[in-house]
Amino acid sequence: MTKDQNNFQRDGIGTLNEHSLHAELIQAVSQPGDQLEALVDGYYIDVLRDNLAIEVQTSNLAKLSRKVNKLDPTYQVEIIYPLQAIKYIIKQTPEGEVLSRRKSPKREKPADIFNQLVHAPHVIDAPNISLSLYMIEAEEIWCDDGQGSWRRKNWSIAQRHLIKIISTKKFQTTQDFLTLLPRSLPSPFTNKQLASQLGIQSRLAGKITYSLRKMNLIETVGKEGKAYLFDTL
């Protein structure tokens with residue numbers, strides 16, 4: 001290990017600029033003796049435990065996919081991606097004064113991982129790479145600075161904080177993503193049927209079937225009216 005790598009040990013996040021949720025998840029999954037922000041093959045890895053490289057990603061799974069697939073295949077790589085099953089929204093002024101705190105009606109489900117997988121369907125194609133889905137309870141800090149999305153009436157998301165990890169689910173191979181399909185799903189099935197059984201929007205159902213087709217797990221087998229029919233391979 002080089003002198004520079006020794007600067008990124010278990011006693012701190014180091015000098016890299018980490019988002020709060022990202023940094024808090026790293027602290028939650030790391031163990032004594034782990035190296036944090038270790039330099040491996042020219043890339044900083046969130047947690048290095050012997051030959052296990054753990055990468056926490058809170059957005060843009062496609063970008064991380066390109067990174068981990070360039071690592072030496074002798075490393076086992078675990079990607080951790082969080083979804084907010086329970087979320088609290090805290091509104092505050094630019095000076096940090098808390099104005100309100102409420103529980104968001106929006107609850108992410110495991111199927112929401114396909115919002116990312118649609119852009120990275122081959123993220124765990126390599127046998128040394130796995131994906132762990134973390135369902136979490138979190139706080140989202142909104143700041144009234146006039147610079148945020150119009151959907152939030154120009155409030156910016158200043159930070160996200162981890163409250164607790166509710167559950168985890170690990171996907172070792174792309175085949176494991178089929179476990180997210182309802183067992184009662186008819187064969188063949190449409191996006192509308194998939195959306196109904198999962199309790200999701202049709203748009204997300206379309207992302208699921210697109211991703212699973214790219215993974216060579218399902219195929220288009222016909223049409224029912226204007227709707228495409230899908231079945232597992």
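We count residues from 1, following the sequence as given.
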* Tell me, please, whether Phe230 has Arg213 positioned over its six-membered ring: NZ or CZ under 6.0 Å from the ring centre and within 45 degrees of its axis? => no
* Asked: Hey, does the Lys NZ or Arg CZ of Lys207 hover above the aromatic six-ring of Phe114, less than 6.0 Å from the centre and inside 45° of the axis?
  -> no
* **Gln84 side, atom CD; Leu162 side, atom CG - distance, nearest 0.5 Å** => 9.5 Å
* Over 12 non-hydrogen atoms of neighbours within 6.0 angstrom of OH in Tyr88 -> yes
* Is Lys63 atom NZ crowded by more than 12 heavy atoms from other residues, nucleotides or ligands, each under 6.0 Å away? -> no
* Determine, for Lys67 against Glu55, whether the closest basic-nitrogen to carboxylate-oxygen distance falls under 4.0 angstrom. => yes
* To do: Let me see the working for His22 and Asp46 under side chain to side chain donor-acceptor pair (under 3.5 Å), right down to the final yes or no.
  => CA-CA 9 Å; His22 181 251; Asp46 290 330; 3.1 Å; yes
* Taking atom types as modelled, is there a side-chain donor on Asp145 or Ser156 under 3.5 Å from an acceptor on the other? -> yes
* Modelled atom types, side-chain donor and acceptor of Glu140 and Ser104, under 3.5 Å -> no
Are [X] and [Y] side-chain neighbours, meaning at least one heavy-atom pair lies under 4.5 Å?
X	Y	value
Leu181	Ile208	yes
Ser202	Asn191	no
Gln172	Ser132	no
Trp142	Leu99	no
Leu83	Ile136	no

* For the side chain to side chain donor-acceptor pair (under 3.5 Å) test, which of Arg101, Gln159, Arg160 pairs with Glu139? -> Arg101
* **Output field: ring centroids Tyr81/Tyr134 closer than 6.0 Å** => no
